[in-house]
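Report on the following structure.
Keep in mind that this is a model prediction, so the values were computed, not measured.
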Amino acid sequence: MIDELVPDVLWSIVQPLLPRPVQPRGGRPFADPRATLAGNTSVLREGIRWAALPRALGFPSGVTCWRRLRDWQARGLWRRVWERVLEGLASKNAVDWSRASVDSASVRALSRGDLTGPNPTDRGRPGTKRHLVVDGQGIPLGLVLSGANRHDSVCFEAALDAIPGIRMGRPGRPRRRPDKVHGDKAYDLRRCRRACRERGITARLARRGVESSERLGRHRWVVERTLSWLNGFRRLRLRYERYASQFEALHLLALALICFRKLARL
C-alpha cells in the first residue's frame with residue numbers, strides 16, 4: 001500500500017529534501033518518513049479524517065502524519081517537492097511555455113480561519129478561493145490562496161509571481177515567465193494588462209462587451225480541467241483545516257502528484 005501511494009521514483013525525489021531527524025535519547029523512534037508521506041497522500045486522496053488512517057496498512061498515527069504535514073510545510077518541503085517534479089518535466093521539454101492560463105475556484109471553509117471570506121456565490125458562507133496558473137497543457141505552474149470574497153483580478157499579479165524559477169535541464173537562468181497568459185473577462189483591467197507588460201508577458205485577456213463568449217475557452221479550458229483535477233482529491237473539495245498554511249500544504253502535495261503523473265508517463 002505504501003509503495004503504491006509513494007512509488008520509488010517519487011520517493012527518490014522527496015527523500016533528499018527531507019530534514020534529517022534528530023533522535024532524542026531514550027525517546028521513541030521516529031515514524032518512517034515514507035509511510036508518513038503515504039499517510040498524507042491517503043488523507044488527501046480519500047478525504048478521510050486524520051484519526052481514521054488505518055494503522056493496519058502500515059501508516060503512522062493520524063496525529064503523526066498531521067504534525068509532519070505542518071512541520072514540513074513550515075520548512076517549505078512541499079513547495080520544493082513540487083518544484084523538483086516541475087524541473088523533471090522541464091528537463092524533458094514537457095512544459096509548454098508558449099501560453100499559460102489563469103483562473104480561480106472557491107471551496108467552502110467549514111471552520112473560519114485565515115484566508116477565508118464570505119463567498120458571494122455560496123450565500124455568503126465562509127470560503128477560500130484558489131487562484132491557479134497552468135501551462136498550455138494544464139500543468140500547474142503557480143498557486144495562490146485567498147478569501148472567497150477576493151476578486152480574481154486582485155490576485156492576478158500574485159498568481160503570476162507564484163510561478164517558481166524552473167531549470168530547464170541545461171545551463172542558464174531558470175525560467176518563470178510564459179510567453180502569453182490567457183484569462184477571462186474578470187481580468188479585463190488596466191492593472192492586469194500592465195502587470196503582464198511589466199513581466200514581459202503578452203496579455204490575452206478577454207474584453208468585456210467586445211469579444212463574444214463563444215470562443216473564450218479555446219485555450220483556457222486547460223486551467224478549468226486542472227481545477228477539476230484538484231477536486232479529484234477529496235480532501236480539497238471542502239476546507240477542513242483552520243490554518244491556511246496546512247490547507248496550502250495539501251494543495252502543494254496535490255500539485256506535485258498531478259505533475260508526477262505526467263512525468264511518470266514520459
Any link between [X] and [Y] through a network of hydrophobic side chains (Ile, Leu, Val, Met, Phe, Trp, Tyr) touching at under 4.5 Å?
X      : Y      : answer
Met1   : Val14  : yes
Leu189 : Val102 : no
Leu255 : Leu17  : yes
Val9   : Trp11  : yes

Heavy-atom closest pair, residues [X] and [Y]:
X      : Y      : answer
Ala244 : Leu145 : O-CD1, 4.3 Å
Pro33  : Trp72  : O-CH2, 4.0 Å
Pro164 : Leu141 : CD-O, 3.1 Å
Tyr187 : Cys192 : O-CB, 3.3 Å
Ala31  : Thr36  : CB-OG1, 3.8 Å
Ala148 : Pro120 : O-CD, 3.7 Å

Please confirm whether the backbone N or O of [Y] pairs with a side-chain atom of [X], one donor and one acceptor, at under 3.5 Å?
X      : Y      : value
Thr41  : Leu37  : yes
Arg80  : Arg75  : yes
Asp122 : Gly124 : no
Arg199 : Ala195 : yes
Ser42  : Leu53  : no
Arg34  : Val6   : yes
Arg177 : Asp179 : no

Could you give the distance from [atom1] ([X]) to [atom2] ([Y]), rounded to the nearest 0.5 Å?
X      : Y      : atom1 : atom2 : result
Glu224 : Ser104 : CD    : OG    : 10.5 Å
Leu44  : Leu253 : CG    : CG    : 5.0 Å
Gln73  : Arg68  : CD    : CZ    : 15.0 Å
Leu205 : Arg207 : CG    : CZ    : 8.0 Å
Asp8   : Gln15  : CG    : CD    : 10.5 Å
Thr64  : Asp71  : OG1   : CG    : 10.5 Å

Within a 6.0 Å radius of atom [atom1] on [X], are there more than 12 heavy atoms belonging to other residues, nucleotides or ligands?
X      : atom1 : answer
Arg84  : CZ    : no
Arg261 : CZ    : yes
Arg176 : CZ    : yes

Without placing hydrogens or testing angles, list every side-chain donor-acceptor pair under 3.5 Å for residues 128-139, not counting sequence neighbours.
residue, atom, partner, partner atom, Å
Thr128, OG1, Leu115, O, 2.9
Thr128, OG1, Arg239, NH1, 2.8
Lys129, NZ, Arg150, O, 2.8
Lys129, NZ, Asp152, OD1, 3.0
Arg130, NE, His251, NE2, 2.9
Arg130, NH1, Asn231, OD1, 3.3
Arg130, NH2, Leu236, O, 2.9
Arg130, NH2, His251, NE2, 3.2
His131, NE2, Ser146, OG, 2.8
Asp135, OD1, Gln137, N, 3.0
Asp135, OD1, Gly138, N, 2.9
Asp135, OD1, Ile139, N, 2.7
Asp135, OD2, Asp96, N, 2.8
Gln137, OE1, Lys262, NZ, 3.4
Gln137, NE2, Ala94, O, 2.7

(request) Could you check Arg193 against Asp188 for side-chain contact (heavy atoms from CB on, under 4.5 Å), going step by step and ending with a plain yes or no? (result) CA-CA 8 Å; Arg193 299 183 185 278; Asp188 184 24; 2.9 Å; yes
Is it the case that the side chains of [Y] and [X] hold a donor-acceptor pair, with the cut-off being a distance below 3.5 Å and no angle test?
X      : Y      : value
Arg99  : His182 : yes
Glu248 : Trp78  : no
Ser153 : Arg191 : yes

Is any side-chain heavy atom of [X] closer than 4.5 Å to a side-chain heavy atom of [Y]?
X      : Y      : answer
Trp97  : Lys180 : no
Pro126 : Arg108 : no
Arg234 : Ile48  : no
Leu252 : Val81  : no
Leu257 : Val85  : no
Trp221 : Ser101 : no
Asn40  : Trp66  : no
Phe156 : Cys196 : yes

(message) Leu5 vs Arg45, test: side-chain contact (heavy atoms from CB on, under 4.5 Å). Steps then yes/no.
(response) CA-CA 10 Å; Leu5 291 172; Arg45 288 183 172 178; 3.6 Å; yes
(message) Which residues end up grouped with Leu110 if you chain together Ile, Leu, Val, Met, Phe, Trp and Tyr wherever their side-chain heavy atoms are less than 4.5 Å apart?
(response) Leu238, Tyr240
(request) Could you go through the salt bridge (Lys or Arg N to Asp or Glu O under 4.0 Å) check for Arg208 and Asp184 one step at a time? (result) CA-CA 9 Å; Arg208 299 191 192 98; Asp184 59 23; over 6 Å; no
(request) Could you walk me through whether Val107 and Phe247 pass the side-chain contact (heavy atoms from CB on, under 4.5 Å) test, one step at a time? (result) CA-CA 11 Å; Val107 296; Phe247 195 48; 3.9 Å; yes
(message) Under 4.0 Å between a side-chain nitrogen and a carboxylate oxygen: does that hold for Asp114 and Arg242?
(response) no
(message) Applying side-chain contact (heavy atoms from CB on, under 4.5 Å) to Leu69 and Leu250, what does each step give before you reach the verdict?
(response) CA-CA 8 Å; Leu69 179 82; Leu250 291 171; 4.1 Å; yes
